[in-house]
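What follows is a single structure, written as structure tokens, with notes after it.
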Amino acid sequence: MSMPRARTRSEAHVYMDLVPCPCGENEFAPDVDVLDPEPPRVLRYVGECPRCGRSREFVFELAEPPASPPTGYVLGYGDEPSTIIDAGQWLLVAEMCRRVLEQVADSGESLTASQVPAVHDTVLLAAAAVDEIRKFLPAGAGELPADAFWTEQGRAVRSVAGELLRPDELAAARARRWAAVAEFEALYGIDEDDEDETAVPPAGPSPARGDVSFR
């Protein structure tokens, strides 16, 4: 069996989030070791399940980034789709993020400085996951091909997704979600080119969570 190939460390973390422990726990905070520092690097993530204490391990081949990687948040460089997370699973990730962000917005409460980085990460993931779905769509195609859904989880999502997987709806969702990223970053003074994603709100009253639309 070939080693899972992650295009970025972010993609590796999303993959691990989608694979729960046999006890059902999704939470997993592993340590990472570089098993092979030569390209392509091999990373090993290992840790214990916080619920049952079971030892868990994931090993990935990490793709080399392009010579001039783009700025901003990406899960995979270029137009290459994922080989470890299928289109249905990316939709699951996108929708889970959307629901979390809607709960944040609907609470009407202000974000604290310590909450902003985590919410920012979720806003970014909600948008980038839609980009990943669209990478499975052949040019000019009216729908995603069946082979874009190779996992049981992904096929189950496809069976109930309906219009969410239509090309026009994916394009509209992409526009809405990246607009929400820009809105959130402007609201909290976050520079998208800044490697430090721990930016905090500017001095003064913290904006209400409902001030950004995450739909």
Side-chain angles (χ1 to χ4, degrees), residues 1-28 45 49 51-52 54 56-61 63 73-106 118-119 121-181 213-215:
M1 184 176 180
S2 61
M3 187 183 306
R5 179 178 179 272
R7 296 164 298 164
T8 62
R9 288 181 183 238
S10 295
E11 182 179 40
H13 280 275
V14 173
Y15 177 87
M16 290 187 286
D17 287 342
L18 288 167
V19 182
C21 176
C23 75
E25 178 61 59
N26 284 94
E27 196 71 28
F28 182 52
Y45 293 85
C49 172
R51 179 189 295 181
C52 70
R54 182 190 302 262
R56 306 191 66 203
E57 178 183 86
F58 295 86
V59 179
F60 298 94
E61 175 186 301
Y73 182 85
V74 294
L75 292 160
Y77 298 110
D79 297 327
E80 176 193 12
S82 177
T83 59
I84 59 175
I85 301 173
D86 74 14
Q89 290 175 305
W90 282 122
L91 180 61
L92 178 63
V93 171
E95 288 300 290
M96 288 175 65
C97 290
R98 180 184 63 80
R99 291 170 188 168
V100 168
L101 293 168
E102 285 183 351
Q103 292 174 358
V104 169
D106 291 344
V119 177
D121 286 347
T122 306
V123 176
L124 288 167
L125 181 55
V130 176
D131 284 345
E132 292 304 318
I133 302 169
R134 298 179 76 229
K135 291 180 182 180
F136 289 96
L137 186 67
E143 63 180 5
L144 289 160
D147 61 9
F149 306 86
W150 64 81
T151 68
E152 181 178 346
Q153 188 179 50
R155 288 191 292 269
V157 171
R158 183 192 188 199
S159 70
V160 299
E163 65 180 21
L164 292 177
L165 286 171
R166 287 195 342 233
D168 58 338
E169 178 54 34
L170 289 171
R174 181 187 189 280
R176 289 194 304 269
R177 295 189 183 197
W178 283 110
V181 170
S213 174
F214 301 115
R215 309 296 177 183

Evaluate the criterion side chain to side chain contact (heavy atoms under 4.5 Å, CB included) for residue pair Leu125 and Leu75; output intermediate values, then yes/no.
CA-CA 8 Å; Leu125 181 55; Leu75 292 160; 3.9 Å; yes
Closest contact, heavy atoms only, Leu165 versus Leu170
O-CD1, 3.7 Å
Which of these passes salt bridge (charged side-chain N to carboxylate O under 4.0 Å, His left out) with Glu80: Arg5, Lys135, Arg7?
Arg5
Under-4.0 Å salt bridge between Arg177 and Glu95
yes
Listed by chain and number, what are the ring-ring contact (aromatic ring centres under 6.0 Å, His included) partners of Phe149, not counting sequence neighbours?
none
Quick one, Pro22 and Arg54 - any side-chain contact, counting heavy atoms below 4.5 Å?
yes
Rounding to 0.5 Å, atoms CE (Met16) and CD1 (Ile84) come to a distance of 9.0 Å
Is any side-chain heavy atom of Arg174 closer than 4.5 Å to a side-chain heavy atom of Asp131?
yes
I want to check something: taking the side chain as every heavy atom from C-beta on, are Trp178 and Val130 in contact at a cut-off of under 4.5 Å?
no
Would you say that Arg158 contacts Asp86 through its side chain, given a criterion of any heavy-atom pair below 4.5 Å between the two side chains?
no
With a 4.5 Å cut-off on side-chain heavy atoms, are Asp17 and Asn26 touching?
no
Flag side-chain contact, heavy atom, 4.5 Å: Gln153 against Leu18
yes
Sequence neighbours excluded, the answer for side chain to side chain donor-acceptor pair (under 3.5 Å) partners of Glu152 is none
Looking at CG of Leu92 and CE of Met96, how far apart are the two atoms once the value is rounded to the nearest 0.5 Å?
5.5 Å
Is it the case that atom CG in Asp79 sees more than 12 heavy atoms from other parts of the structure closer than 6.0 Å?
no
4.5 Å side-chain heavy-atom contact, Tyr15 and Ser82:
no
Determine, step by step, whether Glu169 and Arg176 satisfy the salt bridge (charged side-chain N to carboxylate O under 4.0 Å, His left out) criterion, reporting the C-alpha distance in whole Å, the side-chain angles of both residues, the deciding distance to 0.1 Å, and the verdict.
CA-CA 10 Å; Glu169 178 54 34; Arg176 289 194 304 269; 3.1 Å; yes
Compute the ring centroids of Phe28 and Phe58, then answer whether they are less than 6.0 Å apart.
yes
So for atom CD, which belongs to Glu57, do other residues, nucleotides or ligands contribute more than 12 heavy atoms lying within a distance under 6.0 Å?
yes
Gln103 (side chain) donor-acceptor with Val100 (main chain) under 3.5 angstrom
no
One should read off an interatomic distance between Glu132 CD and Glu11 CD, to the nearest 0.5 angstrom, of 6.5 Å
